[in-house]
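Before any comments, here is the structure.
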Amino acid sequence: MSATVLFSPMAYSRYEASQTLPAKFSRMLKKTGLAEKVKGKTVAIKMHVGDGITYSTIPPVFIRILTDFIKENGGDCFITDHYVYQRHPERRGYTENNLGCPVLDDCGHLGKYFYTKEVDYKTFKHVDVAGLIHDADFMIDFSHVKGHGSCGFGGACKNIAMGCVTDRTRHEIHALEGGLVWDKDKCIHCGKCIPACNHHANSFSEEKNQGVYQVNYHHCTMCQHCLKVCPVHAITLDSHDYADFQMGMAVCTKAVVDTFAPGNVYYINVLTAITALCDCWGMTTPSLVPDIGIMASDDIVAIERASIDAIKMEDLIPAGIPQGMELSGEGHLFQQLHGKNPFVQLDCLEKVGLGTQEYELVTVK
């Protein structure tokens, strides 16, 4: 049986505010069934607040439409993500005054509030569910869709598996890809790898121009930012099975979703400013394709499939690809860009029982 995915497209027919995406989003929300679902409940709106000089995250106008809708229908909501305070969401307009509700760190201000769920997938053993996520009655997974170097693309699954848990869980999932290996003979000690780490987990020993690359794995989440910025490929992984990483993401997502009563999680994917990299990089590159619109569903697998299907190679904007880089020519645009087939993640989500890739797209104009 197929799942329903609502779709509000960017395309417009005349110069009227009612034809623009925010207005269509308001009409979409009325068709989601969320009005009854959020009544009398505490609603966690999980989204990525961005970092650094990122400007491609979900624009505040859409967030305010959502929070107003929840409150108008008797819900009490808050925006949440991990590392909220150190990412300075206010620089992207994410403040309580602008959004109409608090913006909170899902593991608490000190990052130590969580509930551990035991899992058993290879070396992945602990899903530390963020305390504020766990304690909410309802969650709206409000995701900005974009490319991702580790999993091909980042959408609803990535927003949960990497954003609703602790550093320990992120590390265990990323570690499914392998450990970091430093080649001293290739290293030119340019130092680009050090500021690329969002977690201050790497350093060089003090010997001038001869220092040894060191990783503090207590802080490292295996995000591989250091690996990706190295101009001479002196940092690599000792193995590289992205399919294991994809399954780890699915296992984690299921553990988080299962903390809610059936029907108490809803998914909204924003397909605007679709860039090559995750918003956590702290920067925004040009869009890969034109803005597409917004999708919504109660099925995470269906909405992810619909989102990927909507991002087409024939719509590629060349400026979205780094100058001098050539696409592989094989598979989906994200696969050609990052070497990972994004549909593998959907197979994993289906395998753990989170939904179906069969969907019916219902356009909300």
Residues 287-302, side-chain donor-acceptor partners within the protein, below 3.5 Å, at least two apart:
residue: Asp291; atom: OD1; partner: Ala273; partner atom: N; Å: 2.8
residue: Ser297; atom: OG; partner: Thr4; partner atom: O; Å: 2.9
residue: Ser297; atom: OG; partner: Asp299; partner atom: N; Å: 3.0
residue: Asp299; atom: OD1; partner: Val301; partner atom: N; Å: 2.9
residue: Asp299; atom: OD1; partner: Ala302; partner atom: N; Å: 2.9
residue: Asp299; atom: OD1; partner: Thr356; partner atom: N; Å: 3.4
residue: Asp299; atom: OD2; partner: Thr356; partner atom: N; Å: 3.2

- Kindly indicate whether the side chain of Asn202, heavy atoms from C-beta on, has any atom under 4.5 Å from the side chain of Gln214. no

- Any Cys101 side-chain heavy atom under 4.5 Å of Glu96 side chain: no

- Query: Any ion pair linking Lys71 and Asp76 (charged N to carboxylate O, less than 4.0 Å)?
  - Reply: no

- Task: Please determine, by modelled atom types, if Asp128 and Thr116 share a side-chain donor-acceptor pair under 3.5 angstrom.
- Result: yes

- Message: With side chain to side chain donor-acceptor pair (under 3.5 Å) as the criterion, how do Tyr115 and Asp135 come out once you've worked through the C-alpha distance, each side chain's angles and the decisive distance to 0.1 Å?
- Response: CA-CA 10 Å; Tyr115 299 80; Asp135 292 349; 2.9 Å; yes

- Determine the minimum heavy-atom distance between Val119 and Ala255, stating which atoms define it. CG1-CB, 4.4 Å

- Give a yes-or-no answer on whether the side chains of Glu330 and Gln336 include a donor-acceptor pair shorter than 3.5 Å. no

- Salt bridge flag under 4.0 Å for residues Asp81 and Arg87: yes

- For atom OH of Tyr85, is the number of surrounding heavy atoms from other residues, nucleotides or ligands below 6.0 Å larger than 12? yes

- Task: Check whether more than 12 heavy atoms from other residues, nucleotides or ligands sit under 6.0 Å from atom NE2 of His233, and answer yes or no.
- Result: no

- Query: Between Phe114 and His134, does the ring centre distance come in under 6.0 Å?
  - Reply: no

- Message: What I want to find out is whether Asp347 reaches Lys351 closely enough, with some N-O distance under 4.0 Å, to be called a salt bridge.
- Response: no

- Item | For the student: nearest non-hydrogen atoms of Ile45 and Cys77, plus distance | CD1-CB, 4.1 Å

- Task: Give a yes or no on whether Phe260 and Phe138 share a hydrophobic cluster (residues Ile, Leu, Val, Met, Phe, Trp, Tyr; joining criterion: side-chain heavy atoms under 4.5 Å apart).
- Result: no

- Item | Hydrophobic cluster identity match, Met28 and Ile303, side-chain contacts under 4.5 Å | no

- Query: What are the two closest heavy atoms between Ser203 and Ile194, and how far apart are they?
  - Reply: CA-CD1, 3.6 Å

- Message: Under a 3.5 Å distance rule, please check whether His338 uses its side chain to pair with a backbone N or O of Ala276 as donor and acceptor.
- Response: yes

- Item | Pairs flagged by salt bridge (charged side-chain N to carboxylate O under 4.0 Å, His left out) wherever residues 260-271 is involved - sequence neighbours left out | none

- Gap separating the NE2 atom of His171 from the NE2 atom of His174, nearest 0.5 angstrom: 10.5 Å

- Show the numbers, then the answer: is there a side chain to side chain contact (heavy atoms under 4.5 Å, CB included) between Tyr359 and Arg305? CA-CA 8 Å; Tyr359 66 90; Arg305 179 64 192 241; 3.6 Å; yes

- Message: Does Thr166 form a side chain to side chain contact (heavy atoms under 4.5 Å, CB included) with Val129? I'd like the steps, not just the answer.
- Response: CA-CA 7 Å; Thr166 65; Val129 181; over 6 Å; no

- Message: Hydrophobic clusters here meaning ILVMFWY residues chained together by side-chain heavy-atom distances under 4.5 Å, can you tell me if Val165 and Met139 are in one?
- Response: yes

- Atom CD of Glu314 with >12 non-hydrogen neighbours under 6.0 angstrom: yes

- Tell me, do Val103 and Thr80 make a side-chain contact under 4.5 Å, heavy atoms counted? no

- For Gln19 and Ser13, test the side chains for any donor-to-acceptor distance below 3.5 angstrom and give the result as yes or no. yes

- Task: Can you sort out the partners of Asp258 under side-chain hydrogen bond (donor to acceptor under 3.5 Å, both in side chains), two or more places apart, ordered by chain and number?
- Result: Lys254

- Any side-chain heavy-atom pair from Ile160 and Tyr267 closer than 4.5 angstrom? yes

- How far apart are the C-alpha atoms of Phe124 and Leu176, what are their side-chain angles, what is the distance that settles it, and do they pass the side chain to side chain contact (heavy atoms under 4.5 Å, CB included) test? CA-CA 7 Å; Phe124 181 28; Leu176 292 167; 4.3 Å; yes

- Sequence neighbours left out, what passes ring pair (Phe, Tyr, Trp, His ring centres under 6.0 Å) with Phe204? Give chain and number order. His189, Tyr213

- Item | Nearest-0.5 Å distance that lies between atom CG in Asn198 and atom CD in Gln86 | 8.5 Å

- Message: Just by distance, no angles: are the side chains of Ser307 and Asn269 close enough, under 3.5 Å, to form a donor-acceptor pair?
- Response: yes

- Message: Do Ile317 and Phe153 sit in one hydrophobic cluster, given that two such residues count as connected whenever their side-chain heavy atoms are within less than 4.5 Å of each other, even indirectly?
- Response: no

- Query: So, His82 versus Asp105: side-chain donor-acceptor pair below 3.5 Å or not?
  - Reply: no

- Indicate the atoms forming the closest heavy-atom contact of Thr54 with Asp279, along with that distance. OG1-O, 3.2 Å

- Message: Salt bridge or not between Lys46 and Asp141? Use side-chain N to carboxylate O under 4.0 Å.
- Response: no

- Do Lys24 and Pro9 come close enough that some side-chain heavy atom pair is under 4.5 Å? yes

- Note on the structure: Scanning both residues in full, the closest heavy-atom pair of Phe142 with Ile58 reads O-CD1, 3.7 Å

- Any salt bridge between Asp315 and Lys312, counting N to O under 4.0 Å? no

- Can you check whether Phe343 reaches Asn341 side chain to side chain, under 4.5 Å on heavy atoms? yes

- Task: To the nearest 0.5 Å, tell me how far Glu304 CD sits from Gln345 CD.
- Result: 6.0 Å

- Lys122/Asp244 salt bridge by N-O under 4.0 Å criterion: yes

- Query: So how far is it from His48 NE2 to Arg92 CZ, rounded to the nearest 0.5 Å?
  - Reply: 9.0 Å

- Report the hydrophobic cluster partners of Ile188, with the cluster defined as I, L, V, M, F, W, Y residues connected by side-chain heavy atoms closer than 4.5 angstrom, directly or transitively. Val232

- Can you see which heavy atom on Leu21 is nearest to which on Ser8, and at what distance? CD1-O, 3.4 Å

- Message: In the structure I gave you, are the side-chain heavy atoms of Ile311 and Leu271 within less than 4.5 Å of one another anywhere?
- Response: yes

- Query: Is there a side-chain contact between Ser56 and His144, using heavy atoms and a 4.5 Å cut-off?
  - Reply: yes

- Task: Tell me, with the steps shown, if Ile268 and Tyr266 meet side chain to side chain contact (heavy atoms under 4.5 Å, CB included).
- Result: CA-CA 7 Å; Ile268 302 173; Tyr266 197 80; 4.1 Å; yes

- Would you please say whether a donor-acceptor pair under 3.5 Å links the side chains of Glu36 and Asn73? no

- Distance from Cys157 atom SG to His148 atom NE2, nearest 0.5 Å? 10.5 Å

- Other hydrophobic cluster members with Trp281, side-chain heavy atoms of Ile/Leu/Val/Met/Phe/Trp/Tyr under 4.5 Å, chained? Val229, Leu277, Met283

